[in-house]
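Scroll down for the structure; my scribbles are underneath it.
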Amino acid sequence: NHRLLAARAPSAQVAGVVKADAYGLGAHQVAPALAAAGCRSFFVAQLGEALALEPHLPADAALYVLNGVLPGEERHYAEHRITPVLNDLDQIARWSELARRSARKLPAAVHFDTGMSRLGLTDREADQLAGDPARLDGLDLRLVMSHLVASEESDHPHNRLQFERFAAL
């Protein structure tokens with residue numbers, strides 16, 4: 001599947017989502033197989049999943065945690081090669097503050113909610129961030145993302161609406 005998707009979108013970076021133990025298939029087996037197929041970006045839901053998976057990935061792999069950095073977890077992300085997907089202004093503030101205190105840029109992804117209503121900055125938070133981009137100081141922003149409600153249906157009208165909202169952000 002990774003090779004097929006990568007061939008269909010050669011200018012895109014195709015990531016492997018291996019949360020929930022690779023949906024029950026075994027993340028420790030699935031992620032190395034994806035890496036052997038050329039995958040270099042991996043997503044899990046929780047920090048614990050990332051810590052368990054990290055030793056099974058190549059050194060050049062990027063490992064993202066979709067649920068973001070919870071209070072008290074910051075040092076674990078910073079000490080390992082794990083990138084939080086920041087979902088609200090509080091997560092951004094805490095991660096940026098750690099970057100300032102550490103005097104180094106920390107990797108980050110920012111997630112915007114364009115219609116899934118599960119994770120991601122709300123429209124109000126997106127406006128606040130746009131009005132004060134210094135909130136991202138100290139962050140090495142590697143990815144800006146959203147989550148499609150109907151990704152399995154390419155012609156679903158909600159996908160176009162979410163794309164337009166994302167482009168506007």
Side-chain angles (χ1 to χ4, degrees), residues 1-2 5-6 9 11-23 25-114 116 118-122 125-126 128-130 132-148 151 162 166 169:
N1 286 344
H2 181 270
L5 290 171
S11 63
Q13 184 177 7
V14 179
V17 180
V18 292
K19 64 183 184 172
D21 200 25
Y23 297 91
L25 297 173
H28 297 124
Q29 293 80 30
V30 171
L34 285 167
C39 184
R40 286 300 176 267
S41 293
F42 298 86
F43 286 83
V44 295
Q46 312 273 343
L47 174 61
E49 292 175 303
L51 292 171
L53 187 59
E54 181 188 20
H56 301 279
L57 295 177
D60 63 342
L63 183 53
Y64 296 90
V65 175
L66 291 165
N67 288 352
V69 59
L70 301 177
E73 292 181 341
E74 295 87 356
R75 71 176 180 85
H76 296 292
Y77 284 85
E79 291 172 0
H80 297 271
R81 52 189 177 107
I82 300 170
T83 302
V85 177
L86 304 172
N87 293 294
D88 59 43
L89 293 178
D90 181 58
Q91 290 182 7
I92 290 172
R94 285 186 287 102
W95 195 237
S96 183
E97 175 59 28
L98 179 61
R100 283 190 288 277
R101 284 194 325 262
S102 303
R104 65 183 175 116
K105 286 206 173 251
L106 293 176
V110 175
H111 183 186
F112 291 95
D113 178 13
T114 59
M116 185 74 151
R118 190 184 312 164
L119 290 173
L121 276 74
T122 64
E125 289 176 314
Q128 289 175 329
L129 183 61
D132 186 8
R135 291 176 187 248
L136 297 172
D137 285 353
L139 303 186
D140 176 10
L141 192 57
R142 304 214 172 149
L143 176 69
V144 177
M145 63 178 280
S146 189
H147 193 150
L148 294 175
S151 61
Q162 283 190 266
F166 189 76
L169 288 167

Where does the angle between the aromatic ring planes of Phe112 and Phe166 fall among parallel (under 30°), tilted (30 to 60°) and perpendicular (over 60°)?
perpendicular

Considering residues at least two apart in sequence or located in another chain, which fulfil the side chain to side chain contact (heavy atoms under 4.5 Å, CB included) criterion with Ala134?
Asp132, Asp137

Between Arg94 and Val69, is there a donor-acceptor pair closer than 3.5 Å when you use the side chain of the first and the backbone of the second?
yes

Backbone of Ala52 reached by a side-chain donor or acceptor of His28 within 3.5 Å
yes

Side chain to side chain contact (heavy atoms under 4.5 Å, CB included) involving Leu119 - partner list, sequence neighbours excluded:
Asn67, Asn87, His111

Give the minimum heavy-atom separation between Val14 and His2, together with the two atoms involved.
O-NE2, 3.4 Å

I need the His80 NE2 to Leu63 CG distance, nearest 0.5 Å.
11.0 Å

Checking Arg81 side chain against Asp60 main chain: does a donor-acceptor pair fall under 3.5 Å?
no

When every non-hydrogen atom of Glu74 is compared with those of Trp95, the smallest separation belongs to O-CZ3, 3.5 Å

Pairwise distance CG(Leu34) to CZ(Arg40) - rounded to 0.5 angstrom
10.0 Å

Examine distances only and state if a side-chain atom of Asp21 and a backbone atom of Ala27 form a donor-acceptor pair shorter than 3.5 Å.
yes

Heavy atoms of other groups near Asn1 CG, more than 12 under 6.0 Å:
no

Is there a side chain to side chain contact (heavy atoms under 4.5 Å, CB included) between Leu51 and Glu79 once you walk through the steps?
CA-CA 11 Å; Leu51 292 171; Glu79 291 172 0; over 6 Å; no

I'd like to check Thr122 versus Asp113 (side-chain heavy atoms, cut-off strictly below 4.5 Å). Are they in contact?
no

Tyr77 side chain vs Gly68 backbone, donor-acceptor pair below 3.5 Å
yes

Nearest atoms (heavy-atom pairs only) where Gln162 meets Leu148
OE1-CA, 3.5 Å

Between Arg142 and Thr83, what is the shortest heavy-atom contact and its length?
NH1-OG1, 4.4 Å

Does Glu97 pair with Arg100 as a salt bridge, N-O distance under 4.0 Å?
yes

Do you know which two heavy atoms are closest between Ile92 and Leu129, and how far apart they sit?
CD1-CD2, 4.2 Å

Cut-off 3.5 Å, no hydrogens considered: what does the side-chain donor-acceptor table look like for residues 102-110, sequence neighbours left out?
{"from": "Ser102", "atom 1": "OG", "to": "Leu98", "atom 2": "O", "distance (Å)": "2.8"}
{"from": "Arg104", "atom 1": "NH2", "to": "Ala78", "atom 2": "O", "distance (Å)": "3.2"}

All heavy atoms of Leu86 vs all of Gln91, minimum pair found to be CA-OE1, 3.3 Å

Under a 4.5 Å cut-off applied to non-hydrogen side-chain atoms, are His76 and Ile82 in contact?
no

